[in-house]
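Indexing begins at 1, ligand by ligand and atom by atom, following the structure's order.
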Amino acid sequence: MTIRQLPAQLINQIAAGEVVERPASVIKELVENSLDAQATTIKIGIEQGGIKRIQVSDNGCGIPKDELALALSRHATSKISSIDELLNVRSLGFRGEALPSIASVSRLSLISRIAEESHAWQISGDGNEQFESPIPASLPCGASVTVHDLFFNIPARRKFLRTERTEFGHVEMVVRRLALSRFDIELQLQHNGKTVYSLPTAVDTKSCEKRLQILCGQAFASQSLHFEQEAAGMRLSGWMSQPTFSRSQPDLQYFFVNGRPVRDKVVVHAVKQAYADVLFHGRHPAY
Ligand code: ADP
Ligand code: MG
């Protein structure tokens with residue numbers, strides 16, 4: 001075997017193996033980009049569990065016309081420029097890998113408009129490293145990414161996608177987590193043209209509890225306690241179920257650190273300990 005440099009498209013597809021598992025992971029990456037772009041409204045529309053089509057549109061800062069192609073190229077990011085910044089990173093992304101990875105395993109189109117431009121620009125690709133130059137398009141300020149036919153060019157990966165219903169379940173879970181991590185963001189989810197979630201910005205107690213009720217159910221919302229604690233330079237807040245409410249599975253447990261969903265054994269264990277005296281063995285609290 002001779003040693004050869006891998007082609008760029010293959011490098012992206014290999015990276016996609018880590019970043020893009022299924023439609024839900026595409027949505028996670030796209031919504032995180034919207035949040036990093038300071039969007040306050042994010043609309044997600046999918047068809048067939050996201051296998052056929054995923055669209056994420058936001059009202060964030062947008063991408064200038066001459067940076068559209070760069071956004072889709074590898075290791076290109078606006079979020080860090082030095083190792084020092086990496087250690088203080090506040091954004092959800094910083095590796096510049098998500099868009100090129102997704103673009104290498106789908107038919108992707110990116111439309112964007114920044115405030116200074118009079119109209120939007122669109123760039124599209126069909127799984128190759130080459131992109132046509134941007135064409136004029138119509139969009140209010142922000143960005144809109146559409147992903148068609150995920151894994152259409154990688155049959156071996158497409159085969160691992162599950163039924164529409166299962167993929168939609170994963171999407172719903174990702175969207176629920178995002179919606180619980182940022183009450184200040186207006187969020188919509190549509191599936192096959194039907195509205196699944198339409199969540200207005202939640203700022204006061206009443207609107208937060210309304211969102212909680214939609215995402216975690218009426219029973220949890222009415223049988224949980226809101227708490228807010230501050231110590232050692234950290235702040236902890238949220239809702240925890242009262243002992244009158246418990247689950248047979250640990251499936252209603254969400255924990256976020258600085259807005260990022262985190263699943264951590266130490267936290268799970270600490271909560272379990274705290275409830276040990278008030279819940280029957282085998283029952284799980286919700287938070
Ligand atoms: P990363 O998020 O790690 O920087 P991505 O591949 O996800 O890498 O995105 C590349 C770049 O494209 C981002 O750094 C950002 O500048 C730009 N970008 C992506 N999505 C959006 C968006 N919705 N609004 C504005 N800019 C975006
Ligand atoms: Mg990103």
Within reach of ligand 1, part of E29 (heavy-atom separation under 4.0 Å): neither
Ligand-side contact atoms (ligand 1) for residue partner G93, heavy atom cut-off under 4.0 Å: 2 (O), 3 (O)
Ligand 1 to L99 polar contact by distance, N or O atoms, under 3.5 Å: yes
F256 and Y254 aromatic ring geometry - parallel, tilted or perpendicular at 30°/60° bounds: parallel
Residue T77, metal the Mg ion (ligand 2), N/O/S under 2.8 Å: no
Closest approach of any protein heavy atom to atom 11 (C) of ligand 1, naming residue and atom: A76 O, 4.1 Å
Plane angle bin for H226 and W239 - parallel if under 30°, tilted between 30 and 60°, otherwise perpendicular: tilted
Flag side-chain contact, heavy atom, 4.5 Å: C61 against Q38: no
Closest approach of any protein heavy atom to atom 12 (O) of ligand 1, naming residue and atom: A71 CB, 3.5 Å
Nearest non-hydrogen protein atom, atom 2 (O) of ligand 1: K79 NZ, 2.6 Å
Ligand 1 contacted by G62 (non-hydrogen, < 4.0 Å): yes
Side chain S112, main chain G142, donor-acceptor under 3.5 Å: yes
Heavy atoms of other groups near R95 CZ, more than 12 under 6.0 Å: no
No-hydrogen, no-angle side-chain donor-acceptor test under 3.5 Å, S81 and E85: yes
Close-contact set for ligand 1 against R95 heavy atoms, below 4.0 Å: 3 (O)
Heavy-atom closest pair, residues K79 and G93: CD-O, 3.3 Å
Nitrogen or oxygen of P100 less than 3.5 angstrom from that of ligand 1: no
Carboxylate-amine/guanidinium proximity below 4.0 Å for R53 and E47: yes
Option nearest atom 23 (N) of ligand 1 (shortest heavy-atom distance, choices I63, N33, L30, D58): D58
Donor-acceptor side-chain pairing of T41 and E186 below 3.5 angstrom: yes
Those atoms of ligand 1 less than 4.0 Å from some heavy atom in A143: 22 (C), 23 (N), 24 (N)
Interfacing atoms of ligand 1 (cut-off 4.0 Å, heavy-atom, F94): 1 (P), 3 (O)
Donor-acceptor side-chain pairing of Q55 and T146 below 3.5 angstrom: yes
Heteroatom proximity flag, G96 to ligand 1, N/O under 3.5 Å: yes
Residue, atom name and distance, where the atom is the protein heavy atom closest to atom 25 (C) of ligand 1: A37 CB, 3.5 Å
Nearest neighbour in protein (non-hydrogen) for atom 14 (O) of ligand 1: S78 N, 3.0 Å
Ligand 1 N/O within reach of T77 N/O, cut-off under 3.5 Å: yes
Contact check, side chains of I51 and I46, non-hydrogen atoms, under 4.5 Å: no
